[in-house]
Each structure stands twice: as C-alpha cells, then as structure tokens.
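Working notes for the structure below.
All heavy atoms count here, side chains included; hydrogens, waters and symmetry mates do not. Residue numbers begin at 1 in each chain, while the letters A, B, ... track the order of the sequences. These figures come from a predicted structure and were not determined experimentally.
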Amino acid sequence: MSASIDLDATLFSGQTFAWSKQDGVYQAVVGRQLVCFTEKTFDPLLAQNGALRRYFDMDWEYGRAESYLSSLDPHLARAIQAYKGLHILNQDPWEVLMGFLLSQNNNIKRIRGMYELLSKHFGTHVEGPWYAFPRPEQLMNVSEQDLRQLGMGFRAPYLLDAIQNHALLQAIPDLGDEEAYRALQTIRGVGPKVALCILAFAFHRQQAFPLDTWMLKVMKTRYPGRDASYFTPYAALAQQYLFHFERTQGGRL
DNA sequence: GGCCAGGCCCCAG
DNA sequence: CTGGGGCATGGC
C-alpha cells in the first residue's frame, strides 16, 4: 500500500498516449523497455524499479494537494472524489511535445492511433507488437510527404519543425515558467495550449493550466471570471481533474 | 452524414 | 490585439 494512485485516471486522462489496457493488463513502452503490470503487480514493480517510481510521480504531495483543492469549491471536490489518486506523470519531454502536436483539433482516440503509427514506422522494436516512440535522430530523414501519407495531415510540417529543433527541450528545466512558455512556442505548431501541456506533463510545472475546448467550457460555466491563479499552487493538477471529469461525466451536476 | 476533436497559423480590421 | 476561416482526418 504505497500511496494510492488511480491508474486508469492517470493513464487514460489524455496526458499520455502511450498506454493500453486489455484484460486488466496495462502496457506501454517507457524509455526503452516494455512495462507491463496489473493492479496487483503494480506495487511490487515499483519497489524494484526506481525510474518507474519517478515516472508515476509517487513521491509528490498528492495528499496535501487533493485536500487543498477539495476545499476550494464543491465542483472540484466532486471531480477529486471521482478520480482521487489521479497523478501527473513525469514523461519524456520529446514524447510529450510530439504527442501534443498531434493533439490539435483532434480527438484522444485518434491521437493514440497516430502516436502508435509513428512508433511502428520509425521507432525501435522492443518486443511483440511493441515499439518505442522514435527519437528525433530516427526521424531526421523523414519528409513531409512521408508524414502526410501516414495520415498526420496538416500537422506534418509542425512535426518536422519539432524534429529540427528538439534540442531546445534541453534548456527548459533551467528556465522559469514564463521563459519556458515562450521558448516552447518558437516551435511551429506549438501555441499557448500545447506549450502548457508540455510544461505540465513533461516538466511538472504546477502552475501550467492548459485550456482546451473542454476546459474552456468548464471555466465558462463553473468558474466565470476566474483563471489559473484561483487554483494556486496546484493549477496543473486541478486542470487535469476538471478536464477528465468533464470528458467522462460531463461535469455531472 | 454532419459535427466535433486536449489548436494553431495567417490575415484582415 | 482580436476575430474568424482554413486546415486533414476519423470518431461518433
């Protein structure tokens, strides 16, 4: 009984596009290895794998954050009650950048499919049907036409620009929130929303508060006149709860 | 079959 | 600085 984590909410709330679950078995390639577990084998796996413990962000102050956010207002309290244990992963910045370039004007199901397609075509084979998401070096010779033929559509040139400028990600940890926010948007196809997703999901910036179409609706109906500062210092976590709750339960009255 | 999806670019006012 | 059309494609 390590700290409680809600695996379904964490892995299928649209912060990562790498995971699948079949017959109770969670699977994805993390780093260069296939990670595979069930509810029962999750804790033992973490006990022997420190990198995964960090990936699942097991040592952050979720108890305090859940408690504080629940005290803010009834709507947020309901969202947290519904998905208590929703964690924000510590993902690879490159994979988050590419994943959220794919996300624009798109739906989560198809994003996952496109992400998997890029992995199968350009990534390193791991085992069985599993491939790692391609590193930038593996994509250096890809053309816009290649990407369009794989169904990437108008995002193809954005992916190419990210491939060319991936080194920019190295500097982000040393930058403050505002500087990092601006630096990320020098990549073509990275606007305010995608930049904030990268800051939240790859760099664990707790004040990153991405507003997609779902969150815009939540803010308009539930939090008129408010912004991220209302949720300080846990805006990113609040956003993920509200987003997931809205999408799955329509912000149930 | 039309509307929408974890938006952004670009151009007009 | 703000508003709105266009963009590829498929889920539902």
Side-chain angles (χ1 to χ4, degrees), chain A residues 8-20 76 79 82-83 86-89 91-118 120-121 133 142-165 168 181-223 227-228 231 235-251:
Chain A
D8 288 315
T10 299
L11 297 176
F12 301 108
S13 58
Q15 60 175 311
T16 169
F17 307 107
W19 288 85
S20 78
L76 193 46
Y83 297 113
L86 169 58
H87 282 205
I88 293 183
L89 301 166
Q91 299 182 72
D92 178 83
W94 165 249
E95 295 177 9
V96 175
L97 164 62
M98 295 293 273
F100 281 90
L101 280 176
L102 297 177
S103 79
Q104 60 175 278
N105 205 34
N106 208 346
N107 61 70
I108 291 181
K109 273 236 168 60
R110 193 161 82 101
I111 298 165
R112 293 188 65 245
M114 292 162 77
Y115 190 91
E116 186 178 331
L117 203 56
L118 290 177
K120 282 200 190 327
H121 271 260
F133 188 82
V142 175
S143 71
E144 176 172 343
Q145 197 171 27
D146 295 333
L147 294 174
R148 284 186 182 272
Q149 281 183 331
L150 283 178
M152 301 299 136
F154 66 86
R155 306 167 191 81
Y158 304 158
L159 298 174
L160 289 179
D161 197 56
I163 293 163
Q164 291 308 120
N165 296 299
L168 175 160
Y181 180 63
R182 283 197 299 270
L184 288 170
Q185 289 178 78
T186 63
I187 295 174
R188 206 174 162 70
V190 177
K193 190 271 178 184
V194 169
L196 290 171
C197 283
I198 297 168
L199 288 175
F201 303 142
F203 296 101
H204 218 265
R205 301 290 175 106
Q206 274 303 315
Q207 274 309 113
F209 194 73
L211 294 171
D212 73 310
T213 55
W214 297 92
M215 277 302 296
L216 284 175
K217 189 169 84 174
V218 173
M219 293 307 286
K220 182 173 183 178
T221 60
R222 298 285 181 172
Y223 301 95
D227 61 19
F231 304 97
L237 185 62
Q239 181 277 154
Q240 196 59 12
Y241 268 109
L242 292 171
F243 169 78
H244 190 49
F245 190 55
E246 186 68 23
R247 249 179 42 86
T248 54
Q249 305 193 20

Pairs under 3.5 angstrom, nitrogen or oxygen only, protein versus nucleotides 2-5 of chain C, please.
none

Please list, chain by chain and in numerical order, all residues satisfying side chain to side chain donor-acceptor pair (under 3.5 Å) with A/R148, sequence neighbours excluded.
->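 Expected list: A/E144.
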What residues in residues 198-207 of chain A put a non-hydrogen atom under 4.0 Å from any atom of DNA chain C?
-> none
So which of residues 91-118 of chain A are in contact with DNA chain C, with a heavy-atom cut-off of under 4.0 Å?
->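 The stretch gives A/N105, A/N107, A/K109, A/R110 as the residues lying under 4.0 Å from the strand, ordered by number.
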State whether A/R148 places a side-chain N or O below 4.0 Å from either non-bridging phosphate oxygen (OP1 or OP2) of C/dA8.
-> yes
Using a 4.0 Å heavy-atom cut-off, does [X] contact any base of the nucleic acid, only the sugar-phosphate backbone, or nothing at all?
| X | value |
| --- | --- |
| A/Q240 | base |
| A/G14 | base |
| A/T16 | nothing |

Taking atom P in both B/dC4 and C/dG5, what distance in whole Å separates the two?
-> 14 Å
Using the P atom as the reference point in each nucleotide, state the distance between B/dC11 and C/dA8 in Å, no decimals.
->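 Each nucleotide's P atom is 15 Å from the other's.
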Around A/K109, counting heavy atoms of other residues, nucleotides and ligands shown, do more than 12 lie under 6.0 Å from its NZ?
->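 Open: at most 12 neighbouring heavy atoms sit under 6.0 Å from NZ of A/K109.
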Using a 3.5 Å cut-off and no angle test, enumerate the donor-acceptor pairs between side-chain atoms of residues 191-210 of chain A and protein atoms at least two apart in sequence or in another chain.
residue, atom, partner, partner atom, Å
A/H204, NE2, A/D57, OD2, 2.6
A/R205, NH1, A/L175, O, 3.2
A/R205, NH1, A/D177, OD1, 2.7
A/R205, NH2, A/I172, O, 3.1
A/R205, NH2, A/L175, O, 3.0
A/Q207, NE2, A/T232, OG1, 3.3

Close side-chain approach of A/Y115 to A/E95, heavy-atom, < 4.5 Å = yes
Between which residue ranges does DNA chain B form stems of three or more consecutive Watson-Crick or G-U wobble pairs, both distances under 3.5 Å?
-> B:2-5 with C:9-12, B:7-13 with C:1-7
Salt bridge A/R112-A/E116, side-chain N to carboxylate O under 4.0 Å = no
